[in-house]
Structures are given as C-alpha cells and as structure tokens.
Amino acid sequence: MKPGNPILVALDTPDPQAALRLAKKLAGRVGGVKLGLEFFAANGPDGVRRIAELGLPVFLDLKFHDIPNTVAGALRSVAPLAPLMVNVHAQGGLAMMQAAREAAHEAAAKLGQRPPILLAVTVLTSLDGGALRQAGVAGGAAAQVLRLAKLAKKAGLDGVVCSGLEAKAIRLALGPDFALVVPGIRPLWAAKGDQKRIMTPAKALKVGADWLVIGRPITGAADPADAALRIQAEIDGRR
Ligand code: C5P
C-alpha cells in the first residue's frame with residue numbers, strides 16, 4: 001500500500017478561505033489533505049466538498065468513537081464525501097470497528113465508489129503511561145498501542161494512525177499490508193513547534209510509514225508548495 005506521494009497536509013484551521021487557498025496551492029503537489037475536527041466543526045460536509053472539488057484526496061480525521069450503531073451511521077453519513085481515509089478510535093472496541101467497516105463498505109458500494117481506507121487511532125500521543133494508568137490502563141502506552149492495532153486488524157480495518165516511534169513495532173507485528181499513517185513529521189529544516197517526538201520524512205518511511213501527516217512545516221512555510229516539493233525531493237532522495 002505505497003502511495004506515489006505519501007504527503008497528507010494537515011489543514012488545521014476553522015477558516016474555510018484559508019484552507020481553500022492552501023489547498024489550491026498544494027493540489028497536485030501532495031498526496032492529499034487531512035481535515036480534522038477543527039475544520040469540520042466550523043465548515044461541515046460542504047466545507048469538505050469545496051476542498052475535495054480541487055481534486056485533492058481527503059483524510060477525514062474525525063476519530064469517531066461511540067456505540068457501533070452510531071459510528072456505523074456516521075460512516076454512512078460521510079460516504080457521499082468519498083474520503084480517501086476516515087478514522088475511528090480503536091478503544092471503541094471490536095464490534096464498533098466491525099460495524100464501521102461494514103457501513104463504510106456498504107455505503108461506498110451503493111454509491112459506486114471505492115471504500116475509504118479505514119484507520120484506527122490507538123492511543124493518543126498526548127497520553128503517556130501515567131495518564132493511561134489514571135484511566136485504568138496498566139502496562140504502558142507501547143503495549144496498549146500494539147494491543148489496539150491488532151484489534152483494529154482483526155476488525156478488518158486497513159491500518160492505524162501512529163507515531164513514527166511506534167511504526168516499526170506495528171509493522172513487525174501486523175505485516176506489510178497494514179497502512180501506517182504517521183504524524184509528528186519534521187524535515188531537517190523545519191521548526192519543531194510543540195511536537196516533541198518527531199521524525200524526518202525519510203526516517204518515518206524507513207521505519208514503515210506509508211503516509212506522512214505534515215502540518216506546519218508546509219502550511220506555515222512562506223511558500224507552502226515549495227515546502228511540499230522540497231519534502232518530496234528529500235523523500236525521493238532516499239528511494
Ligand atoms: O503541524 P503538525 O505537522 O505538527 O501537524 C500534525 C497534525 O497531525 C495535526 O493535525 C495533529 O493534530 C495531528 N496529529 C499529531 N500527532 C498525533 C496524531 C495526530 O500531531 N499523534
């Protein structure tokens with residue numbers, strides 16, 4: 001599952017014009033864009049449609065987590081947007097993830113389109129061992145990430161969103177056909193911002209990432225299109 005251009009640009013803004021301006025600059029230069037809760041809560045499906053109309057594949061990062069019936073309904077509701085990727089929280093459980101997959105596939109078939117790449121979020125990287133213990137999860141984050149990634153695969157999901165530091169272990173445990181989508185990416189020339197556990201694009205691909213979620217190094221650059229091209233060149237240099 002190796003995309004030609006693995007870069008997914010995170011358009012983390014509630015401002016539809018700003019998102020559209022960026023997306024126009026980046027169309028054809030990146031593998032797609034990631035639209036998350038901030039954008040979706042402000043602009044809804046119509047906002048997503050306006051971005052998708054530029055021909056950019058969309059990773060709809062809405063992290064659904066509810067009872068199976070509700071999550072299945074949410075997957076049916078976003079199907080007309082024909083997203084490239086959608087995600088759910090693996091902590092919602094096996095039945096929830098199975099219901100999500102079934103709904104996504106059924107809805108896509110009805111619409112005559114390809115089903116989305118359905119991803120699981122395992123453990124948010126904002127949660128460390130202490131935070132997990134507070135929530136009743138013993139054994140540390142790494143073990144929980146692997147446990148939930150395996151559960152996601154069992155449910156028929158296509159992959160997970162994970163940190164570059166987790167990618168190698170997940171790839172080893174779950175094999176080559178499980179998509180790994182990795183944020184926290186910083187090219188050598190970019191500022192770290194608030195990200196602490198970062199990886200260069202080349203390193204992330206080396207440890208098993210299929211897709212790279214990149215925000216500020218591209219969206220905050222004076223010339224976003226050029227930043228995307230420089231990252232692609234950095235990646236091509238290692239292929
Ligand atoms: O600007 P930056 O490259 O840090 O943006 C990364 C994007 O990936 C943001 O949308 C952020 O919410 C998301 N993300 C992350 N770390 C995770 C999961 C998602 O940075 N573990």
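Note that this is a predicted model, so its numbers are computed, not measured. For ligands, and for the atoms within them, numbers begin at 1 and follow the listed sequence.
- Ion pairing between Arg230 and Asp226 holds under the 4.0 Å rule for side-chain N and carboxylate O.
- One side chain, Gln144 or Arg147, offers a donor N or O that lies under 3.5 Å from an acceptor on the other.
- Partners of Arg186 according to the side chain to side chain donor-acceptor pair (under 3.5 Å) rule, which considers only residues two or more places apart in sequence or in another chain, do not exist here.
- Of the residues listed (Asp158, Asp210, Val181), the one engaging Ile117 in a side-chain contact (heavy atoms from CB on, under 4.5 Å) is Asp158, and it is the only one.
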Present, as a list of atom pairs with distances to 0.1 Å, all nitrogen or oxygen contacts under 3.5 Å between ligand 1 and the protein.
unit_1   : atom_1 : unit_2 : atom_2 : d
ligand 1 : 1 (O)  : Arg216 : N      : 2.7
ligand 1 : 1 (O)  : Arg216 : NE     : 2.7
ligand 1 : 3 (O)  : Arg186 : NH1    : 2.9
ligand 1 : 3 (O)  : Gly215 : N      : 2.8
ligand 1 : 4 (O)  : Arg186 : NH2    : 2.8
ligand 1 : 4 (O)  : Gln195 : NE2    : 2.9
ligand 1 : 4 (O)  : Arg216 : NH2    : 2.8
ligand 1 : 10 (O) : Asp12  : OD1    : 3.2
ligand 1 : 10 (O) : Asp12  : OD2    : 2.7
ligand 1 : 10 (O) : Lys34  : NZ     : 2.9
ligand 1 : 20 (O) : Gln195 : NE2    : 2.7
ligand 1 : 21 (N) : Thr125 : OG1    : 2.5

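- Taking 4.0 Å as the cut-off between side-chain N and carboxylate O, Asp177 and Lys153 do not count as a salt-bridged pair.
- In Arg49, the CZ atom is crowded: over 12 heavy atoms of neighbouring residues, nucleotides or ligands sit closer than 6.0 Å.
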